Amino acid sequence: MNSLLSNLPERPVKPRNIGVTMVMDKGIGFRQAEDLVMSAGHLIDYIKLGFGTSLFTHGVEEKVALYKKHGIDVFVGGTLFEAFVYRNQVDNYRAWIEKIGCNAVEISDGSMEMVHELKCNLIRQFSADYIVLSEVGNKEADKHISPSRWVEMTENELNAGSRLVIAEARESGTVGIYKEGGEADTDLIDQLLAKISPDKMMWEAPQKTQQVWFIKKLGHNVNLGNISPAEIIPLETLRTGLRGDTFMTFISL
């Protein structure tokens, strides 16, 4: 686009390790998925089949194959992973994601208590065959993880084999790295950034104000997740200063 409009921030093309975007698919149909990849597949790095929706979506195998054909890594939501772990059915989980064709895994413990060494062992096991994205943070607003513990868990999970560690926010954007009203928990985020490279983090940012906040704080190539299919192209305009919220952020004439 720089040949058409000068002074746009440079965005790496896929496959890329920075500036990645993860989209939340909560059960859209195959034709909607076709429309999505035709219009925005070049902007999507990961697609999460949210929570347990993959179990109830007709033609999920065909949809996963479509996404992968367009260079998108696909995984099912961490809540589904936890549901299998809680029932001691990890082998069944592996059989399910293999059946539907996922090439990535989200390993989380936001809905259940899990010994952290067990979580790291699962990361090690799955990273032998899959891209692993692990998630730190609790889905309940009243369950607090101290910043120092958050840093420690993130470092351990990266060392165990996670490609990226996802900072929990849920699809609502009101827990984890955000306060109840959706505002960023700046103290927690700053303490994470003091120890962890931002290129190793994926920040869940379902709300536009949260996307703007992270783009202004960490730049246009920040890794962002839990983006709705309808917001993937608008997010790219935020990343490149072609929307009012970031219009003046990257211009250097």
Side-chain angles (χ1 to χ4, degrees), residues 1 11-16 18-81 97 100-106 108 110 131 133 135 139 164 166-178 182 202-215 220-240 242-246:
M1 289 297 174
R11 292 280 285 134
V13 297
K14 294 167 48 179
R16 55 192 166 196
I18 61 170
V20 304
T21 302
M22 179 263 281
V23 167
M24 169 83 85
D25 171 345
K26 296 194 286 186
I28 65 175
F30 186 80
R31 290 183 181 176
Q32 291 173 289
E34 284 186 311
D35 287 343
L36 177 63
V37 297
M38 289 303 295
S39 63
H42 60 297
L43 304 176
I44 304 170
D45 303 273
Y46 299 95
I47 283 186
K48 176 196 296 189
L49 308 179
F51 23 100
T53 57
S54 65
L55 295 181
F56 305 101
T57 304
H58 285 170
V60 65
E61 296 95 334
E62 290 78 9
K63 190 166 66 167
V64 170
L66 172 70
Y67 289 150
K68 288 165 59 181
K69 180 181 177 181
H70 285 81
I72 300 169
D73 298 316
V74 187
F75 58 96
V76 301
T79 301
L80 184 60
F81 167 79
I97 62 173
I100 66 175
C102 292
N103 66 329
V105 173
E106 180 181 9
S108 66
I131 298 164
L133 294 87
E135 183 178 69
K139 296 186 183 299
L164 293 170
I166 302 169
E168 173 71 77
R170 301 197 71 176
E171 68 272 19
S172 63
T174 55
V175 298
I177 54 171
Y178 301 108
M202 177 180 285
W203 311 94
E204 291 188 340
Q207 300 180 24
K208 186 187 80 167
T209 54
Q210 296 165 350
Q211 297 160 20
V212 171
W213 188 88
F214 270 110
I215 289 169
H220 62 287
N221 280 326
V222 61
N223 302 324
L224 296 175
N226 276 16
I227 309 302
S228 73
E231 293 301 319
I232 182 62
I233 292 177
L235 171 58
E236 200 67 17
T237 66
L238 286 174
R239 288 187 184 275
T240 52
L242 296 178
R243 196 169 178 180
D245 308 80
T246 57

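Everything numeric in this text was worked out from a predicted model, so none of it was measured.
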Can you tell me how far CD of E135 sits from CG of L164, rounded to the nearest 0.5 angstrom?
12.5 Å
List in chain and number order the residues that pass side chain to side chain contact (heavy atoms under 4.5 Å, CB included) with S228, two or more places apart in sequence or in another chain; answer none if no residue qualifies.
A230, E231
Nearest heavy-atom neighbours spanning C102 and V74
CB-O, 3.4 Å
Residues passing the side-chain hydrogen bond (donor to acceptor under 3.5 Å, both in side chains) test with D35, sequence neighbours excluded, are none
On a heavy-atom basis, the closest approach of P234 and R243 is CB-NH1, 3.3 Å
Residue pairs passing the salt bridge (charged side-chain N to carboxylate O under 4.0 Å, His left out) test with at least one member in residues 37-55, sequence neighbours excluded, are R16-D45, K48-E106, K48-E204
What's the spacing between L43 CG and L235 CG if we round to 0.5 Å?
8.5 Å
For E61, side chain to side chain contact (heavy atoms under 4.5 Å, CB included) partners two or more places apart:
K99, I100
For S54 and V76, work out which heavy atoms get closest and say how close.
OG-CG1, 3.5 Å
Could you pull out all residues at least two apart from F214 that satisfy ring pair (Phe, Tyr, Trp, His ring centres under 6.0 Å)?
W203
As an exercise, state the distance from CD1 of I97 to CG of L49, rounded to the nearest 0.5 Å.
11.0 Å
Residues which pass salt bridge (charged side-chain N to carboxylate O under 4.0 Å, His left out) with D73, listed by chain and number, not counting sequence neighbours
none
First locate atom OG of S108, then atom CG of L133, and finally report the distance between them rounded to the nearest 0.5 Å.
11.0 Å
Smallest heavy-atom separation, P229 atom then L36 atom, equals O-CD1, 3.9 Å
For K208, what residues pass the side-chain hydrogen bond (donor to acceptor under 3.5 Å, both in side chains) criterion, not counting sequence neighbours?
D245
Residue pair T21, I44: steps toward the side-chain contact (heavy atoms from CB on, under 4.5 Å) verdict
CA-CA 5 Å; T21 302; I44 304 170; 5.8 Å; no
Distance-only, no hydrogens or angles: does the N226 side chain make a donor-acceptor pair with backbone N or O of M24 under 3.5 Å?
no
Could you tell me which residues satisfy side-chain hydrogen bond (donor to acceptor under 3.5 Å, both in side chains) with R11, sequence neighbours excluded, listed by chain and number?
N221, E236
Closest non-hydrogen atom pair between G19 and N223, with its separation:
N-OD1, 3.0 Å
Across all chains, not counting sequence neighbours, the ring pair (Phe, Tyr, Trp, His ring centres under 6.0 Å) partners of H70 are none
Heavy atoms, side chains only, cut-off 4.5 Å: are V23 and I72 in contact?
no
Which residues pass the side chain to side chain contact (heavy atoms under 4.5 Å, CB included) test with L55, not counting sequence neighbours?
L80, W96
Starting at CD of Q211, measure out to CG of L238 and round the result to the nearest 0.5 Å.
6.0 Å
Check for a donor-acceptor pair, side chain of R239 on one end and backbone N or O of V222 on the other, with a separation under 3.5 Å.
yes
Using the test side chain to side chain contact (heavy atoms under 4.5 Å, CB included), find all partners of Q210 that sit at least two apart in sequence or belong to another chain.
Y178, A205, P206, Q207
May I have all residue pairs that pass side chain to side chain donor-acceptor pair (under 3.5 Å) and include part of residues 23-32, sequence neighbours excluded?
D25-K63, D25-Y67
How many angstroms lie between atom CD1 of I227 and atom CD1 of I233, to the nearest 0.5 angstrom?
13.0 Å
